[in-house]
Participant: 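Below are the structure tokens for one structure; questions will follow.
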Amino acid sequence: MSRTFERGSPIFEDERPLTDDWDPEELPERDEELGQIHNALAPAIRNTGVGPHNMFLFGKTGQGKTAGVEYKLEDLVAAADDAGLNITTSQYNCAGDSSSYHVLINLVERLTGENLNGHPMSKITDAFFDAVTDIGGTVIIVLDEIDNIGTSDEILYSIPRAKSNGNIPDDMHLSVIGISNNFKFRDNLSPKVKDTLFDEEIHFAPYDANQLRSILERRADQAFKEGVLEGDVIPLCAAHAAQDKGSARQALRYLYKAGELASNTGSDVVTEEHVRTAQERIDRKNIEKGIREMTMQDQLSLTAVVALEVEGQNPAKTTEIYARYKDIATEIKADIRTQRSVRDHLLELDLMGVVNATKKQTGNRGGPHYVFELGSDLGMTLDILSEDSRLGDAIDLVTTNRSIQEYLD
DNA sequence: GATCCACTGGAAGATAAGGAAT
DNA sequence: ATTCCTTATCTTCCAGTGGATC
């Protein structure tokens, strides 16, 4: 069958609201956080000698951190125009920069058009402060995905201290807004940075299913043609995403993909079935990517959890998983780490969402302990793990055990 | 209610690998 | 080629936790 490309779509009115770079014009689900951002920025407009506070936004991806900041900054700049104040904002995404040095070079290039790559750090810092001084008034630098700079965090120290160090004149204000989805990053920052920067720490908690639902409904209104979404389509996307990471981005992906599936198969409505297929495909891609990027020890720990899952032994305690881990590592001749280390790997897997860790305070022996179970689809995870040349053998063993088990039953 | 137990979570130090400097 | 530095990853050690047990 030969298909021709057609204009228009029976499903979509406008696909842009479903994409990542869409700026929502309202964020009612983040009222509280926006309020905190507002309070931190407010001194800029009061213009009573103090600049906007430095702040740090934490929260997993797809929680509206970046959108929230953009939203409030737009407000601020508009209010500043009305009040005749000079406020400049510069948003910069640090993805791809591995150090303060890179970030500064790019900031300078953005402000002055000059690329100083290769020059010593001190010269670049000077150039940066000169550029900021030229702009004057109040300057707010937003550093998105700031965790990419790792432990070289001097930029987070020097910007907030610029005035007291005499890098910029007394009559102007320079502040920084850091955004990060990595909680470890906060802990690893040097104490002096924490000191200066953490007055305003704003935490974005994951959205729940209801919040995701209203976010999706607003976007769907603009994106889809009237009445093409079957009743449960949005609740399904919302519920699935809420269960996983509580990310609006993820929920939107499900919805968009479901719409595309409907569109591509010539259907004129989006059904629950489309949503299920979309979820399956997206989840699989995510798990696949996650597992591929794991270290060997992460994968081994995961394999141990999978083995216990296959045998119906989950949720299992750390010690039980560790015993199985040792068997598997011995089997494929991998290094065996201590239980302390494997525990960290298991918790790491929990952060990634492949495994669910639950902390219990009760137990036959009391005291705090974790129980783990697989957080992603068993069949999918088995599939992906068996594609690995070394782990494949271990997985074979696990599944063979299962068939013996079933035979015995 | 004192003690035990199985486990957690944090710290300090060891080790290996990679990069930069000499 | 060798040494030094950095960074990530592990190990070792241990105080803390709180139900279970006596």
Side-chain angles (χ1 to χ4, degrees), chain A residues 58 94-105 116-125 145-158 180-195 198 201 203 289-305 308 313-352 354-375 388 390-391 394:
Chain A
F58 285 100
C94 307
D97 294 331
S98 58
S99 65
S100 284
Y101 185 76
H102 285 139
V103 173
L104 265 179
I105 283 175
L116 294 176
N117 209 346
H119 292 79
M121 185 71 170
S122 58
K123 191 166 177 185
I124 294 162
T125 327
E145 300 187 44
I146 183 73
D147 43 292
N148 282 294
I149 65 166
T151 47
S152 62
D153 53 11
E154 48 286 41
I155 188 173
L156 292 176
Y157 179 67
S158 53
S180 168
N181 48 36
N182 182 348
F183 292 93
K184 268 192 202 163
F185 176 70
R186 173 183 49 185
D187 302 336
N188 290 342
L189 284 172
S190 57
K192 59 179 188 180
V193 169
K194 282 186 193 169
D195 247 26
F198 282 72
E201 190 181 321
H203 181 83
K289 184 162 175 278
I291 291 180
R292 293 249 162 74
E293 284 169 3
M294 277 178 197
T295 62
M296 189 66 198
Q297 289 299 326
D298 282 331
Q299 292 177 340
L300 274 172
S301 310
L302 176 61
T303 311
V305 177
L308 290 168
Q313 309 268 341
N314 281 346
K317 293 202 283 184
T318 313
T319 322
E320 295 162 340
I321 294 172
Y322 184 60
R324 183 54 52 97
Y325 158 88
K326 277 197 288 191
D327 290 348
I328 295 170
T330 314
E331 185 62 36
I332 67 168
K333 300 188 174 53
D335 295 344
I336 297 178
R337 303 281 172 247
T338 57
Q339 181 164 343
R340 179 72 184 81
S341 179
V342 171
R343 194 167 80 223
D344 279 343
H345 283 292
L346 287 168
L347 291 172
E348 180 70 23
L349 293 174
D350 173 53
L351 276 181
M352 290 187 230
V354 207
V355 159
N356 290 331
T358 318
K359 196 173 187 186
K360 301 259 184 185
Q361 291 295 345
T362 60
N364 51 351
R365 279 296 172 203
H369 66 277
Y370 285 107
V371 291
F372 298 92
E373 61 191 324
L374 199 61
D388 183 285
R390 282 180 86 187
L391 286 167

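Letters go in sequence order (proteins before strands), and every chain restarts at 1. Bear in mind that the values here come from a model prediction, so they are computed numbers and not experimental data.
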Participant: Ignoring backbone atoms, test whether A/Arg343 places a side-chain nitrogen or oxygen under 4.0 Å from the OP1 or OP2 oxygen of B/dT8.
Facilitator: yes
Participant: Quick one, A/Leu302 and A/Leu374 - any side-chain contact, counting heavy atoms below 4.5 Å?
Facilitator: yes
Participant: Whole angstroms only, please: what is the CD1-C1' distance between A/Ile321 and B/dA6?
Facilitator: 15 Å
Participant: Kindly say whether A/Ile291 contributes a backbone atom to a donor-acceptor pair with the side chain of A/Gln299 at under 3.5 angstrom?
Facilitator: yes
Participant: Check whether any side-chain N or O of A/His345 sits under 4.0 Å from OP1 or OP2 of C/dC10, and answer yes or no.
Facilitator: yes
Participant: Calculate the interatomic distance between A/Gln339 atom CD and C/dT11 atom C1'; express it in whole Å.
Facilitator: 13 Å
Participant: Please classify the nucleic acid contact of A/Arg340 as base, sugar-phosphate, or nothing, using heavy-atom distances under 4.0 Å.
Facilitator: base
Participant: Grab the NZ-P distance between A/Lys359 and C/dG16 for me, whole Å please.
Facilitator: 15 Å
Participant: Below the 4.0 Å mark, does C/dC10 have OP1 or OP2 next to a side-chain nitrogen or oxygen of A/Thr338?
Facilitator: no
Participant: Between atom CD1 in A/Ile336 and atom C1' in C/dT12, what is the gap in whole Å?
Facilitator: 18 Å
Participant: Closer than 4.0 Å, any side-chain N/O of A/Tyr370 to the OP1 or OP2 of B/dA6?
Facilitator: no
Participant: Compare all side-chain heavy atoms of A/Ile321 with those of A/Arg324 and state whether any distance is below 4.5 angstrom.
Facilitator: no
Participant: With a cut-off of less than 4.0 Å, is there a side-chain N or O of A/Thr318 near OP1 or OP2 of B/dA6?
Facilitator: no
Participant: Phosphate oxygens OP1/OP2 of B/dC7: is one of them under 4.0 Å from a side-chain N or O of A/Lys317?
Facilitator: yes
Participant: When the distance from CG of A/Asp335 to P of B/dA17 is rounded to whole Å, what number comes out?
Facilitator: 10 Å
Participant: Would you mind reading off the distance between A/Asp344 atom CG and C/dC10 atom C1', rounded to a whole angstrom?
Facilitator: 9 Å
Participant: If only side-chain N and O atoms of A/Lys360 are considered, is one of them under 4.0 Å from the OP1 or OP2 phosphate oxygen of C/dG19?
Facilitator: no
Participant: Out of C/dC10, C/dT17, B/dC7, which nucleotide sits closest to the side chain of A/Pro368?
Facilitator: C/dT17
Participant: Taking CD from A/Gln299 and P from C/dT9, how many angstroms apart are they, rounded to a whole number?
Facilitator: 14 Å
Participant: Please give, in whole Å, the distance from B/dA6 P to A/Tyr322 OH?
Facilitator: 17 Å
Participant: Does either side chain, that of A/Tyr325 or that of A/Glu320, offer a donor lying less than 3.5 Å from an acceptor on the other one?
Facilitator: no
Participant: Does a side-chain heavy-atom distance below 4.5 Å link A/Ile332 with A/Met296?
Facilitator: yes
